[in-house]
Amino acid sequence: MLAMNTQDHDFGTRVVHAGWHADDDPTGAVMPPIYMTSTYVQDAPGEPRNGFEYSRTQNVTRFALQDALAELEGGAAGFTFTSGMAAIHTLLLTLKPGDRVVAGNDLYGGTHRLFNKIAARFGLIFEYVDAANEATWQDLPADTRLVYVETPSNPLLKLTPLKMSIDAAHKVGAEIAVDNTFATPYLQQPIALGADYVIHSTTKYVAGHSDVVGGALIIRDEARKEDIWFHQNSAGTVNSPFDAFLTLRGLRTLEVRMERHCNNAQAVADFLEAHPKVSKTIYPGLASHPQHELAKQQMNAFGGMVCFELPGGEQPARDLVCALKVFALAESLGGVESLVELPAPMTHASVPPETRREIGIEDGLVRLSVGIESAADLIADLEQALAKI
Ligand SMILES: *Cc1c(COP(=O)(O)O)cnc(C)c1O
């Protein structure tokens, strides 16, 4: 069989085949074997076979996942890590003291913590901006080294205008990293618009089954490959072969899962928006979302995350999440099962309360990761829980 050139095919075909060909293995294995070895025998000192020396540096199973993600994001190379945080951390390690990072102010709580409590101690300068506001991209500080955005953002589902922010970064000679965790390459591919880096918490939609923690960094420019690999290897932030296998296994069904996540989330958002006990529903697929038009332009569909608020703040929200039966009360997102959480006391507890209020994360904000169960069951679950409060 000839190796398929997957670039000739649609996303749904590429996602099933990217990163591995049966011809890559002497046995014709359809999935990459889990190369559980820390080291490789050498034929003579300094003469490893096929370049394989040590698994922190080279591992076949990890390479298969890395290549798959690079291919799907349209990047020159991909790197995978123990977690999404390790991917972001490794990117920051390539910067130096005094470098200015301009970041969206509505970021994953852990990213915010890494920036402010660790990276700032090593001399990086962080400046937070409203990434959803087009005016932000009119003039960036001239000494910006890296722009860092998340779109849609976590938890408020604000969109960064991708083309505009990428052009703005490049205009001042900065690089730009886009956290694509919420969208996945199924919904948007920032590298095609010029982004320098795409970040994933592969823990979420990429792996998709809430059974593995991992992260990825995909680069646009081949010239960055050696440096990123050097930092991944030197910092030792690599994921294990087993985790790489699980992540690749999950990735194969990304398109079918995302289609269902998006359809279910739209149905749930429509239901919540029409419900008299819900004061506000946030979903990029609703015409009421302030950036609905931008979402239609830069995304293929609107994703699986929905947020809403109840009048009366935190207590009714707490009662509601405890009354849900199909939605499990848990942090994380992007798995096949539906989850619910309150960002303020949970995922975003590490963001100071005054900052949360400033950016609009109310104490009673409820975040749903809408799974791939039956939409009717999900809506019925929300209906019975809303009836109780
Ligand atoms: C979860 C998450 C992260 C962090 O990833 P981990 O795998 O939990 O380390 C980063 N960005 C976003 C948008 C996330 O949702």
Side-chain angles (χ1 to χ4, degrees), residues 65 69 73 78-93 101 103-119 128 131-132 147-160 162 176-188 190 195 197-218 232 235 237-240 243-244 246-247 250-251 258 261 265 282 284 299 303-307 330-335 339-343 346-351 359 361 365 367-371:
L65 174 64
L69 291 170
E73 288 286 2
F79 298 89
T80 57
F81 301 89
T82 46
S83 65
M85 294 322 304
I88 300 167
H89 179 56
T90 305
L91 176 61
L92 295 181
L93 289 175
V101 180
N105 61 10
D106 179 25
L107 296 179
Y108 175 67
T111 306
H112 203 268
R113 179 176 57 196
L114 172 68
F115 285 4
N116 292 342
K117 299 233 166 108
I118 299 181
Y128 294 94
V147 172
Y148 189 98
V149 295
E150 241 176 73
T151 180
S153 68
N154 181 3
L156 292 170
L157 306 174
K158 290 189 197 165
L159 271 65
T160 301
L162 276 173
I176 177 167
V178 179
D179 184 329
N180 209 26
T181 298
F182 272 36
T184 82
Y186 172 69
L187 295 182
Q188 75 193 6
Y197 305 105
V198 161
I199 302 257
H200 280 282
S201 168
T202 56
T203 314
K204 316 294 167 55
Y205 291 106
V206 167
H209 294 74
S210 304
D211 53 7
V212 57
V213 172
L217 173 62
I218 296 104
Q232 180 198 40
T237 42
V238 291
N239 53 335
S240 78
D243 288 358
L246 272 181
T247 305
L251 177 67
M258 288 309 291
H261 281 298
I282 308 173
M299 300 172 74
M305 301 300 294
V306 177
C307 287
E331 298 194 356
S332 198
L333 60 107
L339 301 179
V340 61
E341 69 120 6
L342 301 186
M346 294 174 67
T347 47
H348 289 66
S350 62
V351 180
I359 61 186
I361 305 174
L365 182 74
R367 188 188 81 178
L368 301 177
S369 171
V370 181

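Everything quoted here is computed from the prediction, not taken from an experiment. One-based numbering, in listed order, for ligands and for the atoms of each. Here, residue 1 is the first one in the sequence, and each next residue gets the next number.
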Item checked: Per-atom contacts, ligand 1 versus Gly214 - under 4.0 Å to a heavy atom -> 7 (O)
Next item on the list: Would you mind listing which atoms of ligand 1 come within a distance below 4.0 Å of any non-hydrogen atom of Asn154?
Entry: 15 (O)
Report the nearest protein non-hydrogen atom to [atom]: residue, atom name, distance rounded to 0.1 Å.
{"atom": "atom 4 (C) of ligand 1", "answer": "Tyr108 CE2, 3.4 Å"}
{"atom": "atom 13 (C) of ligand 1", "answer": "Asp179 OD2, 3.4 Å"}
{"atom": "atom 1 (C) of ligand 1", "answer": "Lys204 NZ, 1.5 Å"}

Next item on the list: Show the numbers, then the answer: is there a side-chain hydrogen bond (donor to acceptor under 3.5 Å, both in side chains) between Thr202 and Thr247?
Entry: CA-CA 7 Å; Thr202 56; Thr247 305; 4.6 Å; no
Check: Does Lys117 reach the side chain of Ser350, with side-chain heavy atoms less than 4.5 Å apart?
Finding: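 No, every pair of side-chain atoms sits at 4.5 Å or beyond.
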Notebook entry, point to check: Do the non-hydrogen side-chain atoms of Leu92 and Ile118 ever get within less than 4.5 Å of each other?
Noted result: no
Is [X] in polar range of ligand 1, meaning some N or O pair under 3.5 Å apart?
{"X": "Gly84", "answer": "yes"}
{"X": "Val213", "answer": "no"}
{"X": "Glu150", "answer": "no"}
{"X": "Thr111", "answer": "no"}

Next item on the list: Work out which heavy atom in Gln188 is nearest to a heavy atom in Glu73; give both atom names and the distance.
Entry: O-OE1, 4.1 Å
Check: Which heavy atom in Met85 sits nearest to a heavy atom in Gly110, and how many Å separate them?
Finding: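 Here Met85 and Gly110 meet closest at CE-O, 3.2 Å.
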Notebook entry, point to check: Atom CG in Leu93, atom CD in Gln232: separation rounded to 0.5 Å?
Noted result: 11.5 Å
Notebook entry, point to check: Do Tyr205 and Tyr186 have ring centres separated by under 6.0 Å?
Noted result: no
